[in-house]
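Everything on this sheet refers to the single structure shown next.
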Amino acid sequence: MNKDNTIGGDFAVQVYNSLTGTKEALKTLLPGEVSIYVCGMTVYDYCHLGHARVLVVFDSVVRYLRSVGAKVHYVRNITDIDDKIINRANENGETCSALAERFIAAMHEDEKALNVLPPDMEPQATMFIDDIIALIERLEKAGYAYKSRSGDVLYRVRHFEGYGQLSGRSIDELLVGARVELNVDKEDPLDFVLWKKSKPGEPQWASPWGSGRPGWHIECSAMSMKCLGESFDIHAGGMDLKFPHHENEIAQSEASTGRKFVNYWMHNGYLQIDSEKMSKSEGNFYTIREILDSDANILRIGEVIRFMILSSHYRSPLNFSKQSIDNAKASLTRLYLVLSRSGDVAMRKESSCDSRYSVLFNTAMADDFNTPEAIAVLFSLVREINRLLDNNLVNDARELCSELKYLANVLGLLSQEPIMFLKGLSAETSNNETATVEWIERLIEERATARMAGDWAKADRIRGDLLEQGILLEDDGNGQTSWRLEEVYTGE
RNA sequence: GGCGUCGUGGCAGAGUGGUUAUGCAGCGGCCUGCAAAGCCGUGGACGGCGGUUCGAUUCCGCCCGACGCCUCCA
């Protein structure tokens, strides 16, 4: 490991730091270790595709950092108490904790389908109330917090010198924005809630300021510092959290500790629908499971979504459409076809960093996690493998295949059995699937007989009929026929 | 009003001061009963106007266009 605490060895990892607006070499507090906190979900509903992007992007970041030998401490929180949760629970007539529990379980299912690994820690706000209260007390002692007339405890924004450093705006500039509501309760309109006085019937915890609950931003300060220390390396989340959430986290954390809170801030771009930001308030959003349900095989469509997300750079906007899904499907099919063509190949345990492809792959990823370029490297591997196979150099091809699988795995891709992906079969085969497979195989036999007899018309009719059902037949040179899924484009 | 991001070939989407991104689609060829897959070859691009430069899609300025943030949001 380098003495200067850079990560990545020969491929010094460069990270775009939202705080400075530039790409910087990633230098961590501890040599060879990376502490990263990602703002996770507020669990009052099913995760949408924007959440999928955060999950997949930072899962890939963590996988990559680990692949270059870093010991990563990955924390992703769950906010399980806030206004939206309380409202939704009331609407449903269930308790907040029951509601939260339900959607946490659903989120874990979604993650699985997207091949997102669990973080090392997944702290929930309601389990850190003591730490939150202690943090607010520190802020109060230092003069950064005050109790308002209404009973809420607020953060005194004017007292924190660096306020606005992340969003690149001064308090006064923010005020000119004019959409800040006037509130007699606040010393300054930008002051925000640290502790909210509870209303009857709401979840509440005892505190020095009376019973209440944490405000929105404080739990991330408390939990991240509790899990990773008062200073840590990377804090990440969606672009929309930059202001005010992350700005406020900095204010809370640095005012309480007097130390630099986070060295690198990473923000992923929005997921868009028809080139507009997808958000619940706009009503133009898809849940992850909605998309997952559009395919019989949940892992297959999950990987397609993952591929689609990684095929654009994490900071760019990502436009979701039927075509982006189809593109991802076609690309993944090409990757899986070469694996299937090579037979079953075990994944290499470690990358041979000296290989041409690994060098290109790592160079791309070290440059602020350029996954589109890394994926392009995967495809040049595919071409090479196919060339080798065309020339019957099977052993060489299989060697490269195991490298392909290794590199793809760094992106969380190609972890399924090729056949399962190509045929769209799930791991625990249903009766329905078995019946379908048998039906297809019967037709293939029937066609083989026709071909043997030279009845091309019949053979082609069977093939054409199956294709209309989305089943593509492929004959190899030895009289064997295989099949795979091929969506026929019906024009929407 | 303030701040910011972006504008690449038919579509998606990287990147670069002068040389092939990549995937899908197209075209020609090999292979195939015909296909499919694969391979080989190939056409096609950098919003507009100026400037810097031997040379700009890449740097600078202006303009136009799209989007976002300043309010809950990944």
Side-chain angles (χ1 to χ4, degrees), chain A residues 21 38-42 45 47-58 76 82-84 164 167-170 172-181 190 216 236-245 247 267-272 275-282 285 307-308 311-313 315-319 321 323-335 337-338 340-341 360 364 367 370-380 382-391 451 454-457 459-460 463-464 467 472-477 481-484 486 489:
Chain A
V38 172
C39 280
M41 265 35 92
T42 300
D45 206 341
C47 291
H48 61 223
L49 284 174
H51 297 125
R53 190 171 193 193
V54 183
L55 292 169
V56 166
V57 161
F58 294 107
R76 192 184 59 227
D82 92 320
D83 289 347
K84 290 191 290 292
S167 42
R169 275 175 284 234
S170 69
D172 296 313
E173 281 172 330
L174 284 163
L175 282 175
V176 177
R179 276 191 281 181
V180 265
E181 60 182 297
L190 286 177
W216 175 35
M239 273 292 295
D240 44 359
L241 294 183
K242 204 169 168 184
F243 186 90
H245 185 56
E247 192 73 59
H267 294 100
N268 65 275
Y270 297 118
L271 189 126
Q272 308 182 322
S275 300
E276 289 192 0
K277 178 185 171 186
M278 179 182 91
S279 72
K280 292 191 180 177
S281 45
E282 296 293 324
F285 72 97
F307 189 97
M308 177 201 73
S311 62
S312 86
H313 186 87
R315 283 191 281 121
S316 307
L318 169 59
N319 207 14
S321 65
Q323 197 184 8
S324 65
I325 286 285
D326 286 345
N327 279 348
K329 231 176 245 177
S331 300
L332 271 175
T333 298
R334 180 162 156 86
L335 292 171
L337 272 174
V338 78
S340 147
R341 216 187 148 193
L360 290 171
D367 182 14
N370 193 332
T371 52
E373 205 171 308
I375 287 173
V377 175
L378 260 32
F379 281 103
S380 54
V382 168
R383 173 155 289 125
E384 178 76 40
I385 294 166
N386 273 320
R387 246 183 242 138
L388 292 167
L389 289 171
D390 282 356
N391 291 303
R451 292 180 73 206
D455 188 352
W456 305 124
D460 291 351
R463 187 171 61 194
L467 188 58
L472 176 75
L473 298 190
E474 295 182 296
D475 304 320
D476 70 6
T481 299
S482 60
W483 66 273
R484 63 182 165 90
E486 173 73 58
Y489 200 67

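Only heavy atoms go into these numbers, but all of them, side chains included; no hydrogens, no water, no symmetry mates.
- Residue A/Trp483 contributes atom CH2, which lies 15 Å from atom C1' of B/A36 at whole-angstrom precision.
- Looking at A/Arg451, its side chain comes within 3.5 Å of the base of B/G33 through a donor and an acceptor atom.
- The A/Glu373 side chain lies nearest to B/A14 when the options are B/A14, B/C72, B/A74.
- As judged by a 4.0 angstrom heavy-atom cut-off over every strand, A/Lys84 is placed among residues touching the sugar-phosphate backbone only.
- Listed for the A/Ser321 side chain is a donor-acceptor partner under 3.5 Å among the backbone atoms of A/Ser324.
- With contacts defined as side-chain heavy-atom distances shorter than 4.5 Å, the pair A/Val54/A/Met41 does not qualify.
- Here B/C34 sits opposite no nucleotide as a Watson-Crick or G-U wobble pair (both hydrogen-bonding atom distances under 3.5 Å).
- The side chain of A/Leu241 sits closest to B/A74 out of B/A74, B/A36, B/C67.
- Rounded to a whole angstrom, the distance from the C1' atom of B/C31 to that of B/U19 is 32 Å.
- A donor-acceptor contact under 3.5 Å links the side chain of A/Arg463 to the base of B/A35.
- Checking the phosphate oxygens (OP1, OP2) of B/C69, a side-chain nitrogen or oxygen of A/Lys277 falls inside 4.0 Å.
- When distances run from any side-chain atom of A/Ser312 to the nucleotides B/G33, B/A14, B/C67, the shortest one goes to B/A14.
- Of all non-hydrogen atoms in A/Tyr270 and A/Arg53, the two that sit nearest each other are O-NH1, 2.8 Å.
- For the P atoms, the distance linking B/G7 with B/G47 amounts to 8 Å, nearest Å.
- Between A/Asn386 and the phosphate of B/C39, there is a side-chain N or O to OP1/OP2 separation shorter than 4.0 Å.
- Among the protein residues, A/Gly168 comes within range of no part of the nucleic acid, since none of its heavy atoms lies under 4.0 Å from any strand.
- Separating the C1' atom of B/G44 from that of B/C24 is a span of 15 Å, rounded to the nearest Å.
- Within the 4.5 Å cutoff, side-chain heavy atoms of A/Met308 are placed close to those of A/Ile325.
- Across every strand in view, B/A25 sits unpaired, with no contact that passes the Watson-Crick or G-U test at under 3.5 angstrom.
- Between A/Leu271 atom CG and B/U5 atom C1' the separation is 17 Å, expressed in whole Å.
- A heavy-atom distance below 4.5 Å is not found between the side chains of A/Glu474 and A/Trp483.
- Of the candidates B/C70, B/G23, B/G33, the closest approach to any side-chain atom of A/Ala459 belongs to B/G33.
- When rounded to the nearest whole Å, the span between CE of A/Met239 and C1' of B/C3 equals 11 Å.
- Between the CG atom of A/Leu318 and the P atom of B/C11 there is a distance of 18 Å, given to the nearest Å.
- Here the separation of B/C34 from B/C6, taken at their C1' atoms, is 48 Å to the nearest Å.
- Each of B/A35, B/G38, B/G15 was ranked by its minimum atom distance to the side chain of A/Asn370; first place goes to B/G15.
- Results of the side-chain contact (heavy atoms from CB on, under 4.5 Å) test with A/Met239 over A/Arg315, A/Lys277, A/His267 single out A/His267 as the only residue that passes.
- Side-chain N/O atoms of A/Arg334 and base N/O atoms of B/C24 include no donor-acceptor pair closer than 3.5 Å.
- A/Gly454 comes within contact range of no nucleotide atom at all, as no heavy-atom separation falls under 4.0 Å.
- Donor-acceptor pairing under 3.5 Å, judged by distance alone, is present between the side chain of A/His48 and the base of B/A74.
- A/Leu378 comes within 4.0 angstrom of no nucleic acid atom, judged by non-hydrogen atoms across all strands.
- In this structure, B/U20 forms no base pair with any nucleotide, since neither Watson-Crick nor G-U wobble geometry is met with both distances under 3.5 Å.
- Close to B/A14, at under 4.0 Å from its OP1 or OP2, lies a side-chain N or O of A/Ser316.
- Taking atom CE on A/Met308 and atom P on B/C11, their separation rounds to 19 Å, with Å as the unit.
- Taking a pair to require two hydrogen-bonding distances under 3.5 Å in either a Watson-Crick or a G-U wobble arrangement, B/C3 pairs with B/G68.
- The partner of B/G44, taking Watson-Crick or G-U wobble pairs whose two distances both stay under 3.5 Å, does not exist in any strand shown.
- A/Glu373 places no side-chain N or O within donor-acceptor distance of the main-chain N or O of A/Ala364, the cut-off being under 3.5 Å.
- RNA chain B is contacted by both A/Asp367 and A/Arg383; A/Asp367 maps to the nucleotide lying nearer its 5′ end (nearest heavy atom per residue).
- Look at the P atom in both B/C63 and B/G38: the space between them is 48 Å, to the nearest Å.
- Nucleotide B/C49 is matched to B/G61 when pairs are restricted to Watson-Crick or G-U wobble geometry with both distances under 3.5 angstrom.
- Side-chain contact between A/Arg463 and A/Thr481: absent, with no pair of heavy atoms (C-beta onward) separated by less than 4.5 Å.
- At the heavy-atom level, A/Gly50 lies under 4.0 Å from base atoms of the strands shown.
- Donor-acceptor pairing under 3.5 Å, judged by distance alone, is absent between the side chain of A/Asn327 and the base of B/G13.
- The aromatic ring of A/Tyr270 does not sit over the base of B/A74; the criterion of centres under 5.5 Å apart with planes under 30° is not met.
- Summary of the strand contacts: A/Ile375 and A/His313 both lie near RNA chain B, and taking for each the nucleotide with the nearest heavy atom, the more 5' one is attributed to A/His313.
- In this structure, A/Asp240 places its CG atom 15 Å from C1' of B/G4, rounding to the nearest Å.
- In this structure, the CG atom of A/Asn319 is 16 Å from the P atom of B/A66, given to the nearest Å.
- Distance noted for atom P between B/G65 and B/U52: 27 Å (whole Å).
- Atom CD in A/Gln323 sits roughly 16 Å away from atom P in B/G23 (whole-Å rounding).
- For B/U5 and B/G9, the C1' atoms lie 23 Å apart once the distance is rounded to whole Å.
- Look at the C1' atom in both B/C69 and B/C54: the space between them is 43 Å, to the nearest Å.
- Contact of the A/Asn319 side chain with the A/Pro317 side chain is not registered, since no non-hydrogen atoms from C-beta on lie closer than 4.5 Å.
- In terms of phosphate contacts, A/Arg169 brings no side-chain nitrogen or oxygen within less than 4.0 Å of OP1 or OP2 of B/G4.
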